[in-house]
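Structure first, commentary second.
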2 protein chains.
Amino acid sequence: MPASARPKRPSLEDVAARAGVSRATVSRVVNGTPTVDAAIAARVDQAVRELGYQPNLSARALVSKRTDTLALVASESDARVFGDPFFSRIVRGSTLEASAAGMQLVLFMPQDPDELDRAERYVRSGAVDGVLLISQHETYDPLPGALIQAGIPVVIGGRPFDESLGVAYVDNDNVTGGRLAARRLVEIGRRRIGTITGPQDMSAGIDRLEGFRSELGEAFRPDLVVHGEFTQQSGMEAARRLLADAPDVDGLFAASDLMALGAFQALHQAGRRVPEDVAVVGFDDIQVAASAFPPLTTVRQQTVLQGRAMVRLLMARARPDLELPPLPGLPGPASDPHLVLPVELVVRESA
Amino acid sequence: MPASARPKRPSLEDVAARAGVSRATVSRVVNGTPTVDAAIAARVDQAVRELGYQPNLSARALVSKRTDTLALVASESDARVFGDPFFSRIVRGSTLEASAAGMQLVLFMPQDPDELDRAERYVRSGAVDGVLLISQHETYDPLPGALIQAGIPVVIGGRPFDESLGVAYVDNDNVTGGRLAARRLVEIGRRRIGTITGPQDMSAGIDRLEGFRSELGEAFRPDLVVHGEFTQQSGMEAARRLLADAPDVDGLFAASDLMALGAFQALHQAGRRVPEDVAVVGFDDIQVAASAFPPLTTVRQQTVLQGRAMVRLLMARARPDLELPPLPGLPGPASDPHLVLPVELVVRESA
DNA sequence: CCAGGATGAGAGAGCGCTCTCTCATGTCTC
DNA sequence: GAGACATGAGAGAGCGCTCTCTCATCCTGG
């Protein structure tokens, strides 16, 4: 069948003709307006089914200014996005919440300025009702400003760098998390405590190090700080560097579980036992943390909840007409546009 | 600023008024029609910039029947999608190709029938020009049929179960891949060769096993077949079961690299050396395969190319008006709607 | 039995754009 | 210098939908 034979999609008009009613009535039935006689509604429903009618989203959006669609933009390499369970959980949480609200979530993973630009044009073209932004880097990112400027509702996952924009966000309490990790290592008697940080152009990386540093105080050893990129590979490499520079390290805070797992590899290869020789604390509490060898002591963050809360916040701004039931588990009022979710230490065997 | 203060977005009309031209002329300039006087085009461009004008996608799509958007639907749990580099590469390939063609790619990861239904409504509402479908399971999936029925261009990644639909697809030569793996293990003198299969409700899982089985012929040992789910965890568990049932196994074909890596874990923990005691061949050639310990012998599939080819195929059906340069690296003519990409054995140290 | 209010269906405008047609210029040729 | 032809800009219809008005019909109560 040649492409030219593509059948014309049925319109409201067609359904109306078939059901013997007006366009307006079909619209009412399709949108669930209650003021339609049951018999007529049934006739319309039948016609809809027979024709396989599907409302044209463009036409609807054009007049109603709503698309019932939200965008999730992760400005990150797809290798990172796909390699890190963190994203999986955020996506899960936001999809759950979007579905519950009857919204569709679409994902964008722009990798370079060109793709970022394309994504921006897309969301600015009115194709979505609001935007979730995650994995923000400090390098100048025009997206949040441009969207806010354009009047598009935005919620950021993590702490925004430019607070002056006044943008809503949902963060994890990364500073406290860093503190908890440091405290645990001190409490179990470690003295030469190093850390593999996250990227220092991301708020999560910065804040976790900040908490770690301030908790350690005098005991903080700048020479035991190595930088990672949140990935397992980077954690392994960082741990190797650390071991080479400071073989006497006896405690290690990895700012992500993936990096902690990488550190495990490096430590094992170097013949160090965990936790006997080096105690390790991670961050995230991803699924495999519990089944790692040894099971990883880590700081748990509520990533699914973060995703849900982000969508809630976004919905409140993008669709104030919708009345949503309160989301359980939030630390503050649901309307608070600056949410910081609590973290907790999960003690297993690695520290 | 209350949400109600959201400024009205500028329309073509506004730009036209500001530039002192007609709506049609602004449309021409915005769409790059060459028949516009340079001076006038400059004036329009200026007005566009001053107003921050962004064409309304809905309005455009309504009349032009094009959205310049493609959907990629991965019917898979987000844990699987995010845990497997395979998806990352497919996404990379399709995004690259979509960008090159000036199209936007949006991702969907429906996890349950409800989300699948929502995604279907979305793509059937005219919000996209075409759909890429990956990670299809044999369990009855109404999506391909429904989309084809609705006249929406579809391309499937992998071998479709229902060939009667005549849908275009891009597959990897999984049968040959299974053969290559088996042949390698035989050639290096292995006699008791087991396999960890992929899911048997997915064509990739079925076909790799089929190739492996037919190559082995008489030497195929049904008792050395264990099933996995393509994940590292499932590979580890499957290898443990295999070792428990058949401690004398000396060769192993894992139908994905992730499962091979899981098998490595199980083998190490069981005190087996790779490749001395058990030779292992994987499938995919994901990035970490080369840096695994030992480096993994595997069957390389061209996943990025697959993603690119899928978009090409889709564009040919969704946008026949666009003339795209040929895509290098394809085994057949670019117009062939049933593409099977070649695979190759990459010999490293594990087998 | 009829005014007055519900109730429920239709008419029609218009969302922001594209694209065909039409028409006013400017340019050339003989 | 007049006719033929490009060239480039405007007019206007209409894409498929929503939503406000308007109006026909039915049920009340006095």
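Side chains are part of it too, since the values below use all heavy atoms of this structure and drop only hydrogens, waters and symmetry mates. In what follows, every chain begins at residue 1, and chains take the letters A, B, ... in the order their sequences are listed.
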Residue pair A:Met103 / A:Asp129, side-chain heavy-atom distance below 4.5 Å: yes

Quick check: does any side chain N or O of B:Gln306 sit under 3.5 Å from a backbone N or O of B:Val170, one acting as donor and the other as acceptor? yes

Is there a side-chain contact between A:Asp14 and A:Arg9 in this structure, where contact means two heavy atoms from C-beta onward sitting under 4.5 Å apart? no

5'-most contact on DNA chain C: B:Ala24 or B:Ser58, nearest heavy atom basis? B:Ser58

Side-chain contact, heavy-atom cut-off 4.5 Å: A:Val29 with A:Arg43? no

5'-most to 3'-most nt of DNA chain C touching chain B (<4.0 Å, heavy-atom partner on protein side) reads C:dG16 to C:dT20

Just wondering, do A:His137 and A:Glu76 contact through their side chains at under 4.5 Å, heavy atoms? yes

If you assign B:Arg28 and B:Leu62 each to the DNA chain D nucleotide with the nearest heavy atom, which residue ends up on the more 5' nucleotide? B:Arg28

